[in-house]
Participant: 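Quick one: this structure, given as structure tokens, is what I'll be asking you about.
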Amino acid sequence: MNGKDEKFITIYIMGKKHMVPANLTIMKAMEYAGHQFRRGAGCRGGFCGACSTIYRTKGSYKLQVALACQKIVEDGMIVTQIPFSPADKKRYDIDRLKPEANTFLEYYPEISRCLACNTCTKACPQDIMVMDYVQAALRGDVKEAARLSFDCIGCGLCAVRCPAEIVPYNIGQLARRLYSKHVVGPASHVLNRVKEVNEGKFDEEINKLKNMPKEELQNLYNSRDIKV
Amino acid sequence: MSGYPDYMQESIRLVEKTRSERLEKGYPLMSAEEKSEILKKWHPDYKEGTKRLLKIGPSAGQLMPHEVADILEAHPIINPKDIDLTDISFDLDILIIGAGGAGLSAALLAHESGIDPDRILMVQKLRLGDANSKMSQGGIQAADGTDDSPTRHFLDIMGGGRFTNKPELVEVLVKEGPDVIKWHESLGVMYDKNPDGTMKLEAGGGTSRRRMHSCKDYTGLEITRVLVDEFLNREIPYVEFTAAVELLMDDKGQVAGSVLFNMDSDEYLVAKAKSTILATGGFGRLHIQGYETTNHYGATADGLPLAYHVGAYLRDLDSTQFHPTGAAYPEQIVGQLATEMLRSRGAQPVNKFGQLFVHSLETRDAESSAIIRECYERNNGIITPTGMRGVWLDTPLIDLIHGSGTIEREFSAMYRMWGKFDIDIRREPMLVFPTLHYQNGGVEINTKCETSVPGLYAAGEVCGGVHGKNRLMGNSQLDLYVFGRRAGRFAAERAKKIEIGKLTLDHVYRYERWLSEAGIKTDRRAPLILPEYRGKRTLEHKIKIL
Ligand SMILES: Cc1cc2nc3c(=O)[nH]c(=O)nc-3n(C[C@H](O)[C@H](O)[C@H](O)COP(=O)(O)OP(=O)(O)OC[C@H]3O[C@@H](n4cnc5c(N)ncnc54)[C@H](O)[C@@H]3O)c2cc1C
Ligand code: SF4
Ligand code: SF4
Ligand code: FES
């Protein structure tokens, strides 16, 4: 859709009216309109949460959320970014924590005030069951909290919307680290291999390859057995 | 409702028809000769007129893409006369530039090596962790499987890199691989595991064993956010939205920190440091040969001019990695990555007639070349409404092979991203074409991450040598942590021993001299800091008043 048949629509960036091509993402539309991002853009691919955006559309009272890099503009859309959400991330020594409800309550006592209103879930551009992972943490179900929160990109929109002033993504982060470190634990074959390396088990083999003439190494490579 | 226009859906019917037969038959791997031939003919690296020999500096004569030579044959962005070197904002042991995986690992290890947190500073031009590192989907290699060994990993990497890698760097990479995974687990990274607690290991292009570790298709996100969380726990100082714009040197010829630029206030700051670690990542946003890219907004290769201004050697920049499967449709996500893990789990590349034309897991250079040939020589690609070409990546095979639910469970990022455009990758294939992905070459380092200039360390994608002329999937993620950690450790060692002399920016004048002696007349300036995507009209009418 380049050239003549390009369709334009009207959007309002922080209230100011702009005509932009209809097929752009919010991020590219803002650039088209003349903004150069300093804040508000990161990965540009839906992985970082730097481009959190809220908007309303023509004729709708509803406040909606999106990632600017993932959402196509709509006619009449009124947008603004929320590139930062203030939150107090607590400092902790992960080695010393226990994977239980009290750990969450100790660092983030406000979660006990969760109203189960589900506003956070509705605000999540990743469609994560945010309330459910907060509730799982409250129950001490670390595994469920870790699993449910896994796709969180830390965009901050849930925290901005929560009436109980909870910061769900901090809870999810803590849950995942607790779960991996203290519930699942390390894979033993990894630990074994580290030990073997430290004992020098592969030194001689690798040294041999390192010092091999290129041609010989090439032959070895081309004839290596592949088991995948 | 399908997000594909009708004519594409017609082709999808053909893809569906051949699915079960293809699954059974597969496609043979290329022989060494076939591979070298297809690379020469179709890999973008071999395209004529896309590169030139660098004219100035210690690596003059090296071949590199015009886009890279352009930022090296460019004026430094600061004028030394504007900078007051006696007004020091940060007096440090260690300055780390870039908060991706390499920079964060370096910070944690510098701290663990006994440097007081207050003597460390992380500067980052976006937010902490907003980096290529966070975007990695597929996984990280390490030879910890019981049927695997670091020796095999070594051979795979050397072959993948066409035997141009620096062997001593590869040795370090493969030997420390398992330890990196151990370290991640000790920090609480949630790797995908089998019910018996062993790692889920997958194959990648060019691997002879299954050694890809993953965290769904959010591998980089998971690792990076854990590192950021830990970094914050350690209370290591950092400044975001602040870019390194020119390194500092001292009168003894050492790198001695950096001039920084506060991107909120447009003021400069002087950071003096005993060791400086460059972890600025790669060059995707230079859009080599006009390609779209998978890379994050800040991937403007700042590290290359920064290092080159002080005289550091570069290498292997003549080769660029194009990822075989970037989105070719829908237009809004063109160039974004469709992870290689999709192919590891069974998705096959097929042409518009539903035919296989290449093995799914060739090395990336060969896989990309085969797709380009299929589209441009054989004309068997789909042409999109914007004139792009692409082939199908037949994702429904994954659920067919591993059971329904697999895609949603293991590829939630992909499922979500395409789903936003009404493409259900469980039922419909993705349309893909190679996309600019990775800076294979870069600043030369040794096993201690030292560059050729004392006081300057480098780690991660900004470096060259580890992967030679072609990187295999999952080895960059490994590279970041292996060499990021090393950079932190060795930079700390150095910082305990040395003193910085009188600060200078004389190298900026020297660089200007190199430019004028080579007869380079240009108004280009580097580092770029941010790419330029504003509309044409805006740029043509831009004036500076406020
Ligand atoms: C979409 C995608 C998927 C990938 N998937 C995989 C995979 O599955 N497996 C794998 O092994 N590899 C993968 N890679 C490659 C790998 O993730 C990257 O090579 C790697 O993350 C680079 O890490 P880094 O720390 O060197 O740089 P980055 O992670 O890019 O971090 C560099 C940071 O430095 C900042 N910076 C740059 N210049 C300046 C400056 N002048 N001042 C201050 N800060 C600056 C940048 O903004 C950035 O935040 C993928 C890459 C991408 C883009
Ligand atoms: S859980 Fe919260 S921070 Fe995470 S992606 Fe959803 S809205 Fe954003
Ligand atoms: S928005 Fe806040 S109070 Fe409501 S369910 Fe979510 S966490 Fe609980
Ligand atoms: S810029 Fe990272 S999610 Fe949009």
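Convention: sequence-line order gives letters A, B, ...; per-chain numbering from 1. Values below: all heavy atoms of this structure, side chains included; hydrogens, waters and symmetry mates excluded.
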Participant: Between A:Arg177, A:Glu196, A:Gln218, A:His182, who has the most heavy-atom pairs with chain B when the cutoff is under 4.5 Å?
Facilitator: A:Arg177
Participant: Tell me, for A:Gln173 versus chain B, whether the close heavy atoms (under 4.5 Å) come from the side chain, the backbone, both or neither.
Facilitator: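 Only the side chain of A:Gln173 comes within 4.5 Å of chain B.
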Participant: Could you check which of A:Arg38, A:Lys181, A:Met30 has the highest count of heavy-atom pairs closer than 4.5 Å to chain B?
Facilitator: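 The residue among A:Arg38, A:Lys181, A:Met30 with the greatest pair count is A:Arg38.
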Participant: Which residue out of A:Lys214, A:Lys71, A:Met27, A:Lys89 racks up the most heavy-atom pairs below 4.5 Å with chain B?
Facilitator: A:Lys89
Participant: Cation over ring, A:Arg224 on A:Tyr221, under 6.0 Å and within 45°?
Facilitator: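 Because its charged atom sits under 6.0 Å from the ring centre and within 45° of the axis, A:Arg224 does stack over A:Tyr221.
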Participant: If you count heavy-atom pairs within less than 4.5 Å of chain A, which of B:Ala413, B:Pro178, B:Ala203 leads?
Facilitator: B:Pro178
Participant: Need one label for A:Pro125: side chain, backbone, both or neither, based on atoms under 4.5 Å from any heavy atom in chain B.
Facilitator: backbone
Participant: Taking every non-hydrogen pair under 4.5 Å, which of A:Val190, A:Asn222, A:Asp203 racks up the most with chain B?
Facilitator: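 Ranked by contacts with chain B, first place is A:Val190.
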Participant: Is it true that B:Glu185 and B:Lys182 have a side-chain N and a carboxylate O under 4.0 angstrom from each other?
Facilitator: no
Participant: Do A:Tyr133 and A:Arg176 have side-chain atoms, one donor and one acceptor, less than 3.5 Å apart?
Facilitator: no
Participant: Go through A:Gln70, A:His35, A:Gln126, A:Lys201 and name the one with the most non-hydrogen pairs under 4.5 angstrom from chain B.
Facilitator: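 Highest number of pairs under 4.5 Å: A:Gln126.
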Participant: Look at A:Lys28 together with B:Glu331 and state whether they make a salt bridge at an N to O cut-off of under 4.0 Å.
Facilitator: no
Participant: With chain A, which of B:Leu232, B:Leu221, B:Leu530 has the greatest number of heavy-atom pairs at distances under 4.5 Å?
Facilitator: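 Most heavy-atom pairs within the cutoff with chain A belong to B:Leu232.
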Participant: Give me the one residue out of B:Arg409, B:Arg416, B:Arg225 that meets salt bridge (charged side-chain N to carboxylate O under 4.0 Å, His left out) with A:Asp151.
Facilitator: B:Arg416
Participant: Highest number of heavy-atom pairs under 4.5 Å with chain B: which of A:Phe202, A:Tyr179, A:Tyr92, A:Phe37?
Facilitator: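 Winner by heavy-atom pair count: A:Tyr92.
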Participant: With only heavy atoms counted, which part of A:Asp93 is less than 4.5 Å from chain B, the side chain, the backbone, both or neither?
Facilitator: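 A:Asp93 has no heavy atom closer than 4.5 Å to chain B.
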Participant: At a heavy-atom separation under 4.5 Å, does A:Ile72 approach chain B through its side chain, its backbone, both, or neither?
Facilitator: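 Side chain only.
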Participant: Under 4.5 Å heavy-atom distance to chain A, tell me which part of B:Gln336 shows up: side chain, backbone, both or neither.
Facilitator: side chain
Participant: Going by atom types only, do B:Ser344 and B:Glu202 share a side-chain donor-acceptor pair under 3.5 Å?
Facilitator: no
